[in-house]
Structure formats: structure tokens, C-alpha cells
Amino acid sequence: MLTRRDALLLCAGGALAATRPLAAMPDRVLNAADVHVSGYPTVEAVRWIGERLAAATGGELGVRVYHSGQLGREHDTVEMARFGAIDLTRVNFAALTNAFPLTGVAALPYVFDSVEHMRRAMDGEPGRRILEDFARRDLVGLAIYDSGVRCVYNVRRPIHRPADLAGLKIRVPPSDIFIEIGRALGANPTPLPFGEVYSSLQTHLIDGAENNIRSFHSSRQFEVARYWSETLHSYSPEALLLSRRTFDRLGARERDLLLDLARESVPVMRALWDEAEATSRRFVTDAGVQLNDVDLVEFQQATAPMVQSRLGTPPLRRLYDDIRGMA
Ligand code: GTR
């Protein structure tokens with residue numbers, strides 16, 4: 001946890017770019033990482049928590065969000081939170097599938113039928129099980145946020161079926177499951193951190209990538225990749241994680257406040273998300289990106305064997321069956 005003095009020292013040293021004026025800072029600050037830009041719904045949801053926390057503690061405890069990947073790649077921020085070097089991190093399940101296999105189930109292709117299905121499952125028992133599992137590795141799972149639906153986009157051509165992806169280098173997050181997903185979709189998957197995707201598209205290191213439409217817009221990748229194909233292959237959600245060390249250092253009332261505010265931030269985030277997603281869809285369409293539907297049955301069939309291969313243990317199979325049972 002950063003004290004006001006630490007924060008001043010850090011900023012004076014220029015080690016971290018400030019995101020809010022120091023004068024408005026509470027006495028103690030929880031620092032939070034996010035790879036997304038300011039204004040992205042995950043960033044704003046964590047700021048919302050911070051503002052409510054500061055108000056409820058009379059300015060004693062707040063949150064400062066280091067957005068745009070200022071604190072590093074998602075995998076690294078998870079490790080930093082585990083060891084108490086940062087307090088909070090908001091990452092996609094894609095960054096968690098290797099260390100927390102339950103998250104991988106929610107990232108699998110076509111495990112959710114719709115946004116409503118994903119929300120129902122993540123608000124319910126399956127989501128609770130995933131959040132509790134973070135305790136195994138020094139983390140407290142605070143909340144699960146929306147991440148829309150991931151689709152494939154590229155610089156070359158519209159994709160209608162898996163065969164159209166043959167030979168295309170498609171960036172995926174650095175995660176075993178996502179590498180397998182990329183292959184199952186028919187592409188040549190190339191794992192890269194989020195912050196490197198835009199330049200890799202520009203330099204033709206990759207031909208395309210896959211993500212939700214908000215990220216496609218806010219990272220400006222739509223300027224380079226002009227074909228967006230509605231593969232709808234993964235709803236891989238977002239997790240807000242707290243360092244166990246920080247949790248242990250907080251007072252009992254502060255812990256309860258933080259847990260409650262994190263829970264209350266989920267509908268706040270979703271409202272921001274729904275608006276942002278619609279805005280981004282309009283924006284990229286107006287900017288000339290070509291959107292097309294795909295043969296979903298072919299994509300479902302192509303990915304079905306890898307989905308089954310990922311359900312090798314009883315807890316994973318049970319989670320999958322429970323999620324499907326809520327469709
Ligand atoms: C986004 C997600 C980010 C990051 C990114 C990626 O949808 O919100 O946290 O994981 O995808 O593909 O790296």
C-alpha cells in the first residue's frame with residue numbers, strides 16, 4: 001500500500017506518471033494496475049471504487065489507478081500483486097488461465113451463449129467458485145467484470161469460416177488456452193502482450209488479432225486492421241484482484257468496505273460497458289472498418305475438440321457443466 005509520502009517520492013522521481021492531482025489524494029492509497037486507457041470501463045469502475053472508499057473513510061483510504069499498462073504487462077501485475085508490490089490489478093482471465101485453471105473454463109470458445117448467460121454465471125455459483133480459487137495463491141478475488149465478446153480482425157480479408165484464417169498470424173494473449181483457441185479457429189496464433197499489438201499490426205509482424213470491439217477501438221488497432229469478423233468465440237471476463245498482503249494489513253471496516261464496493265462496482269461497470277461497446281461499434285463502422293458475419297456452426301465445430309480436451313479434471317468439467325446448465 002502506498003503512503004502519501006511514498007507516492008510523493010515516486011512521483012518526484014518520475015518513476016510513475018500520476019493520473020490524479022496529488023492534492024486530491026487520500027492519506028493512504030491502494031495502487032491499481034490496468035492495461036487499458038483512462039476512460040475504459042474497467043479503469044473507471046476501479047476509480048469509482050476508490051472515490052466511494054475515500055468518501056466512506058473520510059479521506060483516509062483511496063485508490064490510484066495506473067492505467068495504460070504503466071505498471072507493466074498483465075501477467076507481471078498479477079505476480080506483483082501476489083508479492084504485495086502493488087495492491088490491486090485488473091486483468092483479463094486470459095492472463096490467469098495458466099495459474100488458475102478454473103478461469104480457463106470461462107475463456108473457452110462458445111461456453112457462453114450470450115452476454116446475459118455470462119453475467120448470470122459470473123454473478124452466480126460458477127463466478128463465486130472462480131473468485132474463491134484466487135486465495136490459493138495470495139490473492140483475493142474482488143469482482144468479475146464484463147469483457148464483451150472476442151472476435152477476429154485482420155489487415156487482409158473478411159473471415160467467414162476457419163479455412164479463411166489459414167496462414168494468417170493472429171495475435172493472442174500469452175496463455176496456453178488462447179494459443180490453442182487461435183489454432184482451433186484455423187489461424188497461426190502468435191502470443192504477444194496487449195501493448196505490442198498495434199505496432200505489430202503496423203509492421204506486419206502479425207496479420208490480425210482477436211479481442212472485444214471496445215479494445216479494438218480504444219487501442220486504435222482499427223486504424224490498421226480493417227476487417228472485423230463476428231466469430232464471437234470467447235467472452236473471457238475480467239478479474240479485479242487484491243493482494244492478500246494488502247488485505248491483511250487493512251482494518252476490518254476497510255476490508256468490508258472494499259469487498260462491498262467491489263461487488264457494487266459490477267453493475268456500475270456493466271452500465272459503462274454497454275454504452276462503451278455500442279459507441280465503439282458505431283465508431284469503427286463510421287471509420288470504415290468492414291464488419292461481417294461468419295459461419296458460426298463451422299467455428300463451433302472447429303473448436304469443440306479443444307474445449308473437450310480442456311476439461312480433463314473433475315473440477316473443470318463440473319464448472320463447465322454448471323455454466324452450460326445456466327445457458
Ligand atoms: C482485453 C482485456 C485486457 C487484455 C486484452 C488482451 O479485452 O480487457 O485486459 O487482456 O484484452 O487481449 O491482452
Side-chain angles (χ1 to χ4, degrees), residues 32-46 65-81 86 88-100 103-104 106-107 109 112 115 118 122 141-154 169-182 185 187 189-201 205-206 208-222 225 228 231-241 265-266 269-270 272-274 276-277 280-281 284:
D34 198 310
V35 294
H36 284 302
V37 294
S38 185
Y40 198 92
T42 52
V43 172
E44 295 312 316
V46 176
V65 184
Y66 292 92
H67 57 79
S68 309
Q70 294 173 67
L71 298 185
R73 301 170 177 186
E74 293 199 333
H75 282 93
D76 298 335
T77 66
V78 174
E79 288 308 298
M80 285 159 76
I86 59 172
L88 293 155
T89 185
R90 194 292 312 160
V91 295
N92 191 267
F93 278 16
L96 299 163
T97 58
N98 295 350
F100 302 96
T103 59
F112 299 113
V115 179
M118 184 274 294
M122 293 302 103
L142 289 182
I144 298 176
Y145 291 144
D146 281 38
S147 192
V149 61
R150 297 176 82 101
C151 294
V152 165
Y153 48 91
N154 78 96
K169 277 197 259 169
I170 298 293
R171 177 271 173 176
V172 293
S175 134
D176 290 355
I177 285 201
F178 271 85
I179 293 170
E180 281 180 39
I181 293 176
L185 292 171
T190 308
L192 283 174
F194 186 60
E196 289 171 27
V197 184
Y198 183 91
S199 60
S200 303
L201 284 168
L205 175 70
I206 52 173
E210 52 83 49
N211 217 316
N212 62 55
I213 206 152
R214 183 62 184 180
S215 298
F216 178 59
H217 172 202
S218 63
S219 63
R220 310 202 67 83
Q221 291 169 34
F222 72 94
W228 170 276
T231 50
L232 314 177
H233 59 271
S234 173
Y235 284 85
S236 185
E238 316 281 1
L240 178 61
L241 304 172
S265 73
V266 173
M269 190 278 173
R270 285 180 184 165
L272 293 172
W273 178 263
D274 288 341
E277 198 178 39
S280 290
R281 179 169 281 272
V284 302

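Note that ligands are numbered from 1 as they come in the structure, with each ligand's atoms numbered from 1 the same way. Along the sequence shown, residues carry numbers from 1.
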- Query: Mind checking whether R90 has a heavy atom under 4.0 Å from ligand 1?
  - Reply: yes
- ligand 1 contacted by R150 (non-hydrogen, < 4.0 Å): yes
- Message: Taking 4.0 Å as the limit for heavy-atom contacts, which would you say applies to N211 with ligand 1: side chain only, backbone only, both, or neither?
- Response: side chain
- Query: Side chain, backbone, both or neither: which part of N212 comes within less than 4.0 Å of ligand 1 when only heavy atoms are counted?
  - Reply: side chain
- Item | Side-chain donor/acceptor of S234 to backbone N/O of A107, under 3.5 Å | yes
- Can any side-chain N or O of T77 pair as donor or acceptor with the backbone N or O of E74 at less than 3.5 Å? yes
- Specify whether F216 and Y153 have parallel, tilted or perpendicular ring planes, treating 30° as the upper limit for parallel and 60° as the lower limit for perpendicular. tilted
- Contact atoms of ligand 1, heavy-atom distance to S215 under 4.0 Å: 1 (C), 7 (O)
- Message: With heavy-atom distances below 4.0 Å as the criterion, list the atoms of ligand 1 near P173.
- Response: 12 (O)
- What protein heavy atom sits nearest atom 10 (O) of ligand 1, and how far away is it? E74 OE1, 3.0 Å
- Task: Report the member of R73, H36, R171 with the shortest heavy-atom distance to atom 2 (C) of ligand 1.
- Result: H36
- What do you reckon, does Y40 have a nitrogen or oxygen under 3.5 Å from a nitrogen or oxygen of ligand 1? no
- Query: What residue among F194, Y66, Y145 forms ring-ring contact (aromatic ring centres under 6.0 Å, His included) with H36?
  - Reply: F194
